[in-house]
Amino acid sequence: MRHSENTFPACVSQQSPACFRWCCGSSLILCIIILLSRPVVATHTLGEGNLVHVAMLQRWTDERVSVEECNGPTHLGACLLDKGWQTVALSALLAKQHFNNRDGRFVPEFANPETRACNKNLSLVGLVDTRSVVLPALHEVVSFLKDPGKRLDVIVGPGRSELSLALSTLAAAEDVPMISYWSSSPQLSESNRYSRFVRTMPSDETGAVAVCSLWADDMKFSSAAVLFAEDAYGEGYAKAMRQNCAHRGLDIRWFAFAFEASTSEDIEIPIAALKASGLNAVHVIATGFQSTLIIEVAVAQEVLRRSPTALWSYTEAVELSDFSKLSPEARRAADGSQRINAYGGVQSNPLWQRFVHEWKEFTAPAFSERLPANWSS
């Protein structure tokens with residue numbers, strides 16, 4: 001697999017107050033949490049007024065995938081996601097612990113004098129599996145907001161754009177900031193509609209520019225195809241591609257499928273239409289599970305193949321582990337495909353290398369017992 005890289009935004013202004021000055025890279029989520037909380041007074045006394053109460057909306061399972069279709073273990077009746085999402089869940093808990101301990105091994109700014117003088121610590125009031133769909137996440141957020149015994153200052157998450165679009169309006173109405181680590185729909189950039197929503201990764205506008213530039217400038221294509229899910233993520237990404245590819249004079253054909261698609265039968269009609277178009281350059285905007293279904297169906301219909309060459313690319317929603325689930329024939333056909341991704345942790349970053357090396361030595365952070373069995377091992 002080849003990768004196209006886009007870097008995260010640079011650090012915030014060095015003119016920020018001392019407690020806010022350290023935010024950059026992987027520490028950005030925690031920086032924003034502090035930034036959106038109450039004013040800072042330099043003191044080391046950490047009482048209730050010095051705690052920022054955080055709810056984390058994470059993805060452990062995918063309710064859209066039936067137990068019968070699930071290729072791995074299940075958790076509470078839903079398909080359990082792979083180790084990549086386990087790492088996200090544990091890293092979030094570890095980041096909270098390292099900030100509260102002013103541990104700067106991986107984010108040096110956590111241990112600098114300005115951060116040590118900051119009188120804010122993070123208190124976790126909720127650790128939630130959204131099950132990758134709107135209703136469970138909405139139910140949990142409403143229960144937090146209605147519970148007089150729980151104070152909620154900040155929501156971290158959710159991952160999927162579909163969920164962020166649904167929840168950010170509610171969060172704004174309650175004046176609670178929502179910070180997503182994965183939602184990339186360009187629609188969420190409309191600050192007048194999603195006034196309390198922020199995110200720590202670029203919008204899909206970045207990926208759209210990369211794909212259209214690859215096709216028009218590097219490959220010199222005049223036409224291509226886009227296969228996308230009809231949800232906030234897929235439609236937002238496709239809309240950004242329409243604008244950017246049209247600007248480059250590309251003729252794009254669009255093939256949509258229902259975002260609930262969870263079986264091969266759900267994918268067959270749009271793949272058949274794609275085959276009839278005769279187009280060989282295809283960008284797939286879908287989740288990892290959906291992308292594996294798409295690849296298998298495309299190979300079966302001889303749309304994705306080794307010869308004549310078909311150039312397919314995928315978004316950051318597809319992990320390398322998803323390709324390991326393909327049949328041998330599909331894996332051979334997909335070899336040489338591209339993945340368009342915005343990168344955070346990369347091998348050229350020595351702190352990231354250290355983090356990966358020391359991962360197995362970490363003691364499970366607080367609240368990890370609330371994760372699915374064996375996730376903290």
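Computed from a predicted structure; not experimentally measured. Below, all heavy atoms of this structure are taken into account, side chains as well, without hydrogens, waters or symmetry copies.
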Phe106 and Phe362 aromatic ring geometry - parallel, tilted or perpendicular at 30°/60° bounds: perpendicular
Test side chain to side chain donor-acceptor pair (under 3.5 Å) applied to Glu140 - qualifying residues, sequence neighbours left out: none
Side chain to side chain donor-acceptor pair (under 3.5 Å) involving Arg305 - partner list, sequence neighbours excluded: Asn280
Glu230 atom CD, neighbour heavy-atom count above 12 within 6.0 Å: yes
Distance-only donor-acceptor check, side chains His283 and Tyr314, under 3.5 Å: no
Side chain to side chain donor-acceptor pair (under 3.5 Å) partners of residues 166-178, not counting sequence neighbours, each pair once: Asp175-Arg196
Path from Leu122 to Val107 over hydrophobic side-chain contacts below 4.5 Å: yes
Tyr233 and Ser183 side chains, donor-acceptor separation under 3.5 Å: no
Hphob cluster co-occupancy, Leu279 + Trp312, side-chain heavy atoms under 4.5 angstrom: no
Derivation and outcome, salt bridge (Lys or Arg N to Asp or Glu O under 4.0 Å), residues Arg332 and Asp335: CA-CA 5 Å; Arg332 285 192 295 271; Asp335 186 31; over 6 Å; no
Phe197 six-ring centre to Arg199 NZ/CZ under 6.0 Å and within 45° of normal: no
Test log, rule salt bridge (Lys or Arg N to Asp or Glu O under 4.0 Å), inputs Glu358 and Arg354: CA-CA 6 Å; Glu358 296 187 15; Arg354 179 182 176 183; 2.8 Å; yes
